[in-house]
Structures are given as C-alpha cells and as structure tokens.
Amino acid sequence: MNYNNLLYFSVLAQTEHYTTAAARLGISQPALSSAIHNLETELGGVKLFEKVGRNIRLTDEGRFYQETVEDAIQKLHSASLLLRDSRTQAPVVIRMGVVSGTLDGLLAREMVKYARNNKRIRFHMTESSSEQLMDMVRQEKLDMAIVDSSDRDRSLHFRKLYERDFFVAVPLAHPLANRDFIDPREVVGEPQVVFNYDVARSFKEWTTGAPTDEAVLCTVDTARAALDLVDSGMGIAFVPNECVENRPGIRFIPLRNWHQALYMCILYDKWLEPPVWDFIELVVKVFRAKKQAL
C-alpha cells in the first residue's frame, strides 16, 4: 500500500475539494486525481468519493476508510516520533541525487539544518546526469533526485521546482569576453567543455534543432573540472547560475532568454520513511520560495 496515496486521500477526505487538497499537498490536481484512482483500483474498484454538482463528497465506503486511514497515519506518525527520540536506532540515510551543478548554497544549507534538527539523519549524495539519476530512482537506489529534465515514464513523479539561468564561461582572452549578454546561437560552433550531457544535448537541440557533438572537445564529471579547462583555454562551457564563481581568468556572460527547469523526481509507488518524505517536502518548499523571490 502506497503511503503517499493514503496521505493524499486523507487530505482530500478532510477538504472534499481537489483544488484545495492539491494546494495543501503541493502537487498538481491531475497528480492527486491519479493517486486517488490508483488507490481505488488497489482497493478493488471501491469508489471513495462521489460527485455532487461541481464538488465531491465521501461515499459511505470512503467515510469508513477515512477512519482507518487516519488511525493508521497517526500510528505511523507516533511510531516515527518514538524512533526519532530513540538513540539506539540506526541512522536514517537520505539517498539523494542531484544533476551536476545543482548543489548550490541553498540546498546545502537546508541539508545542514535538517541534519542538525534530526540527529539520526545522514545523507548519501550522488551527482550525475538526469538520465542516470532517473534510472537510479527507478531501481530504488535513490529516494529522490533533483533533475533538469522530466520523463513520460508514469512510474516517476515530477514536481517542478524553479527555472535557473545559464551563463557561458569564456577565457578573458576570448573575443566575446567583453559582452554583457550572448545569444546562444552565437556560440554554437565554439569549442566546448561539457560537464553535464543533458545540458549540452538540450542546448544543441534548442539552437540547431538536433543534438550534435562536433564542438565538444572534452566531457568531464563536474562543473569545477570544466571551469578548470576553460581557464586553461580549451574552450567555453555552459553553466547554470549555481556554478558561477570568482575566477580571475574566466568571464561569466549571461545567455539571453535561455532557462532550464529543475524538477524533484521520486518513484511514484514507493513508500518513503517519514523523515525522508519530510525532507523532500522541505526541499520543494524552499526551492519554490526561491522561484517566487526571483
């Protein structure tokens, strides 16, 4: 039984309003509808809600089930509190993946605060491409991943966090180093250093209509390694605003009208321990607050 679906049902049963419940949960209304449908299917086709005009209300079966679900959620919450207070229990490891260039100060600060407030919390971080991270989520090797692309695979659930800006990193001696802005199409053929294949692929598809690798001179694992090579004169690199840093030999020039969305990715039908789920909700909240502040 999917804990998230039970939680979604509980909130919807309290509000009897899809829009209100979805807003409270921080998910889309279609995602909430899909979760309720899956829960009803899992229960053998029992209808938990019925339409009344434009609104909904619990069926008799739904009211009966609500009492059971509320009791179960309360017991799980109480058990979680007991485990958190117990010093003899094993640590809770949050297995998190981030697409290269995403671990900025905001996320790092939230990880530190969460670990300080939850003494049993430990983090295991994986930095890779979106494609690899999504595969690891599917294989249950990761609890969550922050990725820069979404997938139509219905086993994965995506929640948009915000859109980040991109810069082109060029050596100070580069002819474009004195520019205030650069149009992406101006640098399509420039020798490039790539640290994130997804960024390189989406950039080329957007500027040329098809993915091409002719301009890529070197592919590395991290943004820092890419910037080291840019500093040495190998080529240019496209980096998100999180990777902009004080480098005397590099000029970071904003790309005009090019942004990239970041998403929280989790496995749709996987039960997550409450401390892990709470951290996921915290990350979604702080990143969306960042989006509103921009």
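All values reported here derive from a predicted model rather than from experimental measurement. Atoms considered below: every heavy atom in the structure, side chains included; atoms not considered: hydrogens, waters and symmetry mates.
Under the 3.5 Å distance criterion, with hydrogens and angles disregarded, no donor-acceptor pair is assigned to the side chains of Ser33 and Gln29.
Residues Val276 and Asp143 approach most closely at CG1-CB, 3.8 Å, considering heavy atoms. Taking all atoms of both residues into account, the shortest heavy-atom contact from Met134 to Phe158 is SD-CZ, 3.5 Å. Contact between Leu107 and Ile146 at its shortest, heavy atoms only, is CD2-CD1, 3.9 Å. Residues Pro275 and Ile121 approach most closely at CB-CD1, 3.8 Å, considering heavy atoms. Taking all atoms of both residues into account, the shortest heavy-atom contact from Arg179 to Ile253 is O-CG2, 3.5 Å. Of all heavy-atom pairs spanning Arg164 and Val99, the tightest one is NH2-CG1, 4.0 Å.
Considering only residues two or more places apart in sequence or on other chains, Asp135 meets the salt bridge (charged side-chain N to carboxylate O under 4.0 Å, His left out) condition with Arg138. With sequence neighbours excluded, the residues satisfying side-chain contact (heavy atoms from CB on, under 4.5 Å) with Ala115 are Phe123.
Tyr268 and Met144 fall into different hydrophobic clusters, where Ile, Leu, Val, Met, Phe, Trp and Tyr residues are linked whenever their side-chain heavy atoms come under 4.5 Å apart, directly or through other members. Val112 and Val98 fall into different hydrophobic clusters, defined by Ile, Leu, Val, Met, Phe, Trp and Tyr side-chain heavy atoms under 4.5 Å apart, directly or through other members.
Put simply, the side chain of Arg120 does not reach to within 4.5 Å of the side chain of Asn118, judged on heavy atoms. Side-chain contact check for Phe287 versus Met264: every heavy-atom pair is 4.5 Å or farther apart. Considering only heavy atoms from C-beta on, Val283 stays 4.5 Å or farther from Met111 through its side chain. Using a 4.5 Å heavy-atom cutoff, the side chains of Tyr65 and Leu43 are in contact. Residues Asn2 and Tyr8 have side chains not in contact (no heavy-atom distance under 4.5 Å, counting atoms from C-beta outward). Contact check for Ile236 versus Phe238: side-chain heavy atoms found under the 4.5 Å cut-off. Val46 is not listed as a side-chain neighbour of Glu40, based on a closest heavy-atom distance of 4.5 Å or more.
Under the 3.5 Å distance criterion, the side-chain polar atoms of Ser130 are matched with a main-chain donor or acceptor of Asp148. A donor-acceptor contact shorter than 3.5 Å links the side chain of Asn241 to the backbone of Asp165.
Salt-bridge annotation for Asp228 and Arg224: absent, with no side-chain N of the basic residue lying under 4.0 Å from a carboxylate O of the acidic one. The pair Glu140-Arg95 fails the salt-bridge criterion, with no side-chain N (NZ, NE, NH1 or NH2) lying under 4.0 Å from an Asp/Glu carboxylate O.
With values rounded to the nearest 0.5 angstrom, Ile56 atom CD1 is found 9.5 Å from Lys51 atom NZ.
Close placement of the Phe9 and Phe49 rings is indicated, their centers lying within 6.0 Å of each other.
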